[in-house]
Every structure is written in C-alpha cells, then in structure tokens.
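First the structure, in the form of structure tokens, and then the observations on it.
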Amino acid sequence: MSLSPHVSVLLPEVIEALAPRDGGLYLDGTFGAGGYSAAILDAAACRVIGVDRDPGAVARGRALETARGGRFTMIEGRFGDMGELLHVRGVNRVDGVALDIGVSSMQLDEAGRGFSFAKDGPLDMRMEQAGPSAADLVNAADEADLADIIYRYGEERLSRRVARAIVAARKDKKFEGTAELAALVRRVVPKHADGIDPATRTFQALRIAVNDELGELERGLAAAERLLAPGGRLAVVTFHSLEDRVVKEFFKGRSGEAARPSRHLPQAALGPAASFALLNRRAIRAGDDETRRNPRARSAKLRAASRTEAAPWPAGMKGGVS
Ligand SMILES: C[S@@+](CC[C@H](N)C(=O)[O-])C[C@H]1O[C@@H](n2cnc3c(N)ncnc32)[C@H](O)[C@@H]1O
C-alpha cells in the first residue's frame, strides 16, 4: 500500500510529555502508522484508543487491535469529534491525548491520493476519501475565494496571480491532475532563492482547505480540554507556522499566560481559571540526529501541557479576558 513507512517524529519527546502510567487510558488522535500508539502501549500497562480519518490508517489500526488484544481500540473519525466518538463507547475521561498534525508518508507517497506535486496523480487530497476534493475546489471556487485560501493557508504572496491563472486555465479545461496544477503554479510564481518548489505553498493551502485542517485543530484542542482528567497530558506536534500558532495561542490562553489588563483585578474579572499548565515554555524541536535521519522532522514542533482541575473554558474563548 505504501512505498516508505511513516517514521514517527519526536517520538521519545511525545512519550515523555504524555508520561503514560499503568492503568491509564490514552487517545492517539492521529493514528497514521501507529508509531505513537505502539510506543504508548510499550511505555506502560495502559490502554490506547487510536483515531484517524483515513481509511488506510484505520485498516492499519485494525491490525494493531489484533496484535495488542484488548489494550488497543481503533476508531474511524476526526479528532475534532473525539468527545462524541468516545462518549458513544462509554468513555468520558482520558489521561492523555496525542496529536501529530498533518499528512503521513503513506498519504504523500501514494500518487493516487493526490497530496504530492512530485508525482502526477488525481487532484484529490481528501484524507477521508469522501466529500469535495481539491479538484472540486480548484474547478469551482470563485477567484477571490481561491486567492484567499492560497494566501491564508499557503502564505503565498502571489496568491492573486495564482488564482487568476487557475480561473483562466479552467475555462478551457477543468483541472484533473496534480502535475498540471503544479506546472501552472510554477509558470506564474518564480522560484525562490531557498530552492523550495513554487507549487509547495499552493498545494499546502489546498490540502488545509480540503480537510479543514485548522478548524479541526481548534476543535480537537477544545475537545481534549473537555476530555482530559486533571493531571492528564496533551501533546501536540505541528509542522508549519499556521498550525503552531493555533496551538501556541491555545496553550498561552488556557495556561493564563496571555496578556491580562492588570494583575490587580479580582480573579472573576480575569476570566476563567487556567485549564492547562505548560510543561515547557518553548516548543520542543527535533535534534540534529533526528533531522539527519528524518528530514520531515526539521519543521516539527512539540507543545505539551498538563490539565489542571479547572473547568474547561467556554467554547470559542481564546485567552486572557474576553
Ligand atoms: C503525521 S500522521 C501521524 C503519524 C503517527 N503519529 C505515527 O507515529 O505513525 C497524521 C495522521 O493524522 C490523520 N489526521 C489528520 N487530521 C485528522 C483529523 N482531523 N482527525 C483524524 N485523523 C486525522 C491523517 O490521516 C494521518 O494519518
């Protein structure tokens, strides 16, 4: 099914942050190839629930269920729905949640999934293999909406130029494959001195939009806050600044580190009590050894925090005083 197996990123660091203990229950919200799940199961006499929205990952999870007997359960779904997914199975508390955001090597390697511009394949990019694809988006969205997606999720300065070129080209022929879209982006966006393929940012933007990745991340963090027992750990690995910003702001707000107007105000005026205590002030990065072995780890950042006794914050509240 896959050409190269997925190598887990920051694995020892994630396990140290989760600190699995005997009798505990842990949620691996992005099962992928199961690297985190297997390591948590090895670290303590605990149970793990794996969640993934990709049917291929779920099939790998079924194999781990068989191998680990009753200690591991695989669930197909989105981690943004983790509360409901667990609740219907009678689980309302967990001792740790791990999220390893982004795509797996299996998804990138399979040309048929359409995540990669390095190989030609259908312009798909759907982790769930259901719902609107990248081709649907590219062939139907308004020029202004396309430009907005490419600017916001790809941080592409030339987003308007890319959107204009897409809309002009699709009048003649709808986009079907990754190679034709990548070639068009390369025609209108000059190559940077950093050597990064000009198509990278547009492909990242489409992938994030097709899978609502930032929305899922926000929902997943809030769901983990509701699900974690006091003392439970939340460990999140991200791969680019847009995702890391969401995690950093969430932890900053929930840990009481966000700017407050005055420390002399009564607690009630300062907003809810901190629901997380940071385990590290700064994000943890991969060491030289790991980045040499696995270049994907170069951009990875781990942020982790421990759940306090405080009630979860009201939905949608970001940090500081509202
Ligand atoms: C980077 S891989 C995880 C690798 C895993 N930690 C390991 O060690 O093998 C990310 C996985 O998360 C899944 N995923 C991404 N967003 C998701 C979401 N919102 N809900 C559930 N799974 C998601 C992807 O399908 C992919 O399999």
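Note: hydrogens, waters and symmetry copies are ignored here, and every other heavy atom, side chains too, is used. Counting convention: from 1, in listed order, for ligands and their atoms alike.
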Check ion pair Arg68-Asp42 (N to O, under 4.0 angstrom): yes
Please determine whether a side-chain nitrogen of the Lys or Arg among Arg53 and Glu76 lies less than 4.0 Å from a carboxylate oxygen of the Asp or Glu.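 Answer for the salt bridge query: no.
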Between Phe203 and Tyr153 (judged by ring centroids, cut-off 6.0 Å), do the two rings come close enough to count as a pair? no
Hey, would you say the Phe250 and Phe276 ring centroids sit under 6.0 Å apart?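 Yes; Phe276 has its ring centre under 6.0 Å from that of Phe250.
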When only distance counts, is [X] in polar contact with ligand 1, meaning an N/O pair under 3.5 Å?
X	value
Ser104	no
Glu216	yes
Ala33	yes
Ser8	yes
Met127	no
Gly35	yes

Does ligand 1 have any atom that is closer than 4.0 Å to a heavy atom of [X]?
X	result
Gly29	yes
Phe31	yes
Val103	yes
Gly77	yes

Between Val51 and Val247, is there shared hydrophobic-cluster membership here, with clusters defined by ILVMFWY side-chain heavy atoms closer than 4.5 Å?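 Yes, one cluster joins them.
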Distance-only side-chain donor-acceptor flag, Arg296 / His6, under 3.5 Å: yes
Is it the case that the side chains of Asn211 and Glu216 hold a donor-acceptor pair, with the cut-off being a distance below 3.5 Å and no angle test? no
Please report which non-hydrogen protein atom sits nearest to [atom], along with the residue it belongs to and the distance in Å to one decimal place.
atom	result
atom 20 (N) of ligand 1	Phe79 N, 2.9 Å
atom 10 (C) of ligand 1	Gly102 O, 3.1 Å
atom 12 (O) of ligand 1	Thr30 CB, 3.2 Å
atom 17 (C) of ligand 1	Arg53 CD, 3.3 Å

Judged by heavy atoms only, the candidate from Asp54, Ile101, Asp52 nearest atom 24 (C) of ligand 1 is Asp52
Check each of Leu85, Asp100, Leu10, Leu99 against atom 4 (C) of ligand 1 and report the one with the nearest heavy atom. Asp100
Can you name the one residue among Arg161, Arg201, Gln204 that meets side chain to side chain donor-acceptor pair (under 3.5 Å) with Glu156? Arg201
Which bit of Gln107 gets closer than 4.0 Å to ligand 1, counting heavy atoms only: side chain, backbone, both or neither?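 It is the side chain that touches ligand 1; the backbone stays farther off.
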If we set the cut-off at 4.0 Å for heavy atoms, which region of Asp28 has an atom near ligand 1: side chain, backbone, both, or neither?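 For Asp28, no heavy atom sits under 4.0 Å from ligand 1.
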Can you check whether Glu155 reaches Ser241 side chain to side chain, under 4.5 Å on heavy atoms? yes
Is there a side-chain contact between Asp54 and Arg113 in this structure, where contact means two heavy atoms from C-beta onward sitting under 4.5 Å apart? yes
When rounded to the nearest 0.5 angstrom, what is the spacing between CD1 in Ile15 and CG in Leu18? 5.5 Å
When you look at Lys301 and Glu243, which way does the salt bridge (Lys or Arg N to Asp or Glu O under 4.0 Å) test go after all the steps? CA-CA 10 Å; Lys301 284 187 179 172; Glu243 295 164 343; over 6 Å; no
Can you sort out which atoms of ligand 1 are near Arg78, meaning under 4.0 Å from one of its heavy atoms?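 Within the 4.0 Å cut-off of Arg78, ligand 1 contributes 20 (N), 21 (C).
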